[in-house]
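Just below is one structure, and these are the notes that go with it.
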Amino acid sequence: MTVRTRFAPSPTGFMHVGNLRTALYAWLLARSNNGKFILRIEDTDQARFVENAVEVIYNTLNSAGLDHDEGPDKDAGFGPYVQSERKHLYRPFAEELVKSGHAYYCFCEKSEEPTTEAGTVFIDGCPSRCADLSPAEVKAKLDAGIPYVIRQKIDRTGSVSFRDLVFGEITIETKVLDDQILIKQDGMPTYNFANVIDDHLMQITHVVRGSEYLSSTPKYNLLYQAFGWEIPQYVHLPLIMGRDAEGNVSKLSKRHGSVSFETLVEEGFLPEAIINYIALLGWSSKTDREIFSLAELAELFNVEGLNKAAAVFDYDKLRWMNSEYIKQMDFEAFKNKAAKFAPEQFAVLQNVWDKVASLLQSRLENFTDIPGMIQFLVEQPPYEVELFNHKKNKATPESAKEIINDVMPEFKACENWNAESLTAILMNYAQTKEMKVGKVMWGIRIALSGQSVTPGGPGEIMEIIGRENSFARLKAALEKIG
RNA sequence: GUCCCUAUCGUCUAGAGGCCUAGGACACCGGGUUUUCAUCCCGGCAACCGGGGUUCGAAUCCCCGUGGGGAUGCCA
């Protein structure tokens with residue numbers, strides 16, 4: 001039988017990385033089994049309608065590389081794939097359940113408090129026991145046009161067990177299950193109902209979703225049983241957690257930092273890096289490798305590697321992974337993307353951008369770091385004389401002064417103003433003076449950049465900022481040292 | 001409150017009774033290469049939540065605690 005998985009996001013306008021990871025695993029499960037990956041939009045909550053939200057879903061899936069075989073834009077006979085367009089499909093199923101005694105009309109107001117029966121533990125969900133209404137009473141209320149919802153009627157004897165591919169055997173006593181609403185007052189199905197109907201109708205074989213649904217799964221199974229439908233395989237995923245400023249961990253949300261795919265991309269993370277990172281958040285290849293392309297993941301993916309415990313999202317590791325992907329980038333693509341993240345600097349440095357970009361690529365963790373790394377090339381930042389001190393190189397402001405004075409005439413005489421010849425001059429000088437190369441480089445670097453860490457060395461910097469600018473900065477350094 | 005799930009370095013994880021003196025990665029620290037930093041290479045720090053069992057033997061199985069998370073919506 002063909003494996004069919006689905007990703008069923010609700011159109012909220014952004015893609016939470018936890019959702020994206022669910023999509024990824026569902027996609028991987030399908031691809032690794034030669035199956036189908038279906039996209040379904042769960043927009044049953046009309047109050048939450050967000051303009052263009054479906055576009056965001058398409059764009060995200062697209063840039064993440066998760067292609068779908070079926071969806072709103074690709075009907076393979078199971079459509080429509082948008083729940084609001086399927087509205088008419090759900091009611092008959094709900095009514096079927098009413099007839100078979102697995103559901104009932106409930107005429108209670110939203111605000112009514114659930115009644116608690118003395119001596120019994122269960123919560124039935126319906127405030128005034130509408131399940132006990134006689135057929136005549138129901139008909140009368142229906143005829144009178146009283147608004148209603150349809151609730152699932154739970155048989156509260158015994159327990160429900162099911163097997164999850166990740167969590168294993170899970171048993172829940174039916175007495176703790178409430179009579180959840182299937183059809184809302186506005187006629188829309190709830191997610192709880194729609195997902196069961198749709199998963200069945202779309203012949204989904206493996207339901208991949210977050211573990212927050214683990215405790216409501218028995219209710220879904222009762223529904224499948226009431227219809228006499230086959231229950232799908234379940235793959236519940238551990239949650240992704242975030243750590244807040246106080247160090248507390250909870251379900252990853254905005255207070256933990258950027259959690260949407262779009263924002264992460266805006267912040268300079270490459271889609272491939274994000275995918276690779278989240279793939280490993282809760283799944284292990286059982287090898288020592290960490291860097292995997294989507295295609296490689298599709299080949300290696302196995303439900304066995306899925307972890308049960310929740311995982312904390314670690315931005316540091318994401319940064320590292322991003323740097324790995326940056327290094328692998330094609331240079332042309334890199335320099336163009338780098339320019340976009342430092343428009344002001346690029347405006348000044350575009351003539352030497354190739355050189356700047358090549359210095360950047362091997363030492364970059366995130367594109368948003370670029371402006372800070374190269375601003376000194378545009379304008380020298382203020383710095384302290386103290387910076388000229390470097391213990392290991394035995395460098396001091398005085399030694400820097402001496403070196404600059406000695407080397408300036410040689411720079412003046414330099415005909416080919418490029419990194420290679422300029423570096424040669426410095427190397428040569430160090431050798432003649434029997435000075436540590438590091439000592440020479442240190443002083444010049446500080447004088448040129450005003451900072452201890454720079455992409456590239458003095459030679460590269462001088463080439464990039466040019467002759468005139470280089471002399472100006474060296475002279476300024478001399479004056480500063482005094 | 002009740003129910004469900006979960007528990008290996010700070011973080012992501014490997015480990016399915018002896019291969020564990022618990023492996024890898026990020027972060028951190030140190031050393032080397034390099035024209036500084038970075039890259040790269042080498043090394044180091046660092047964990048089986050606690051208590052009972054079962055067993056010749058437990059990180060691995062069972063029970064009880066404890067910690068953490070989730071559910072308990074006319075949200076999904």
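Convention: sequence-line order gives letters A, B, ...; per-chain numbering from 1.
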What residue among A/R151, A/K219, A/K153 forms salt bridge (Lys or Arg N to Asp or Glu O under 4.0 Å) with A/D178?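 Testing A/D178 for a salt bridge (Lys or Arg N to Asp or Glu O under 4.0 Å) against A/R151, A/K219, A/K153 leaves exactly one candidate, A/K219.
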
Please state the [atom1] separation for the pair [N] and [M] - nearest whole angstrom.
N     : M     : atom1 : value
B/G53 : B/G44 : P     : 38 Å
B/A7  : B/C64 : P     : 16 Å
B/C75 : B/G69 : P     : 27 Å
B/U55 : B/C62 : P     : 16 Å
B/A27 : B/G65 : C1'   : 33 Å
B/C45 : B/A71 : C1'   : 40 Å
B/A14 : B/G57 : C1'   : 22 Å
B/C9  : B/C49 : C1'   : 14 Å

Please determine, for the side chain of A/R243, which listed nucleotide (B/A76, B/A71, B/U11) has the closest atom?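 So the nucleotide nearest the side chain must be B/U11.
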
Between A/G438 and A/A310, which is nearer to the 5' end of RNA chain B once each is assigned its nearest nucleotide?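 In this pair, the answer is A/A310.
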
Gap between atoms [atom1] and [atom2], on [X] and [N] respectively (whole Å):
X      : N     : atom1 : atom2 : answer
A/D314 : B/C26 : CG    : P     : 12 Å
A/N307 : B/G15 : CG    : P     : 9 Å
A/K251 : B/C4  : NZ    : P     : 19 Å
A/D316 : B/U11 : CG    : C1'   : 9 Å
A/D369 : B/U39 : CG    : P     : 13 Å
A/Y213 : B/G70 : OH    : P     : 14 Å
A/L214 : B/A76 : CG    : P     : 19 Å
A/I170 : B/A71 : CD1   : P     : 15 Å

Do we get A/K401 above A/F388's six-membered ring, with its NZ or CZ under 6.0 Å from the centre and within 45° of the axis?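 Negative - A/K401 is either too far from the ring of A/F388 or too far off its axis.
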
In terms of the angle between their ring planes, are A/Y191 and A/Y213 parallel, tilted or perpendicular, with boundaries placed at 30° and 60°?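 Ring orientation of A/Y191 relative to A/Y213: tilted.
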
Check the orientation of A/Y234 and A/F162. Use parallel for under 30°, tilted for 30 to 60°, and perpendicular for over 60°.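 Perpendicular.
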
For A/N302, does its backbone N or O pair with a side-chain atom of A/W283 as donor and acceptor, under 3.5 Å?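 Yes, because the side chain of A/W283 sits within donor-acceptor range (under 3.5 Å) of the backbone of A/N302.
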
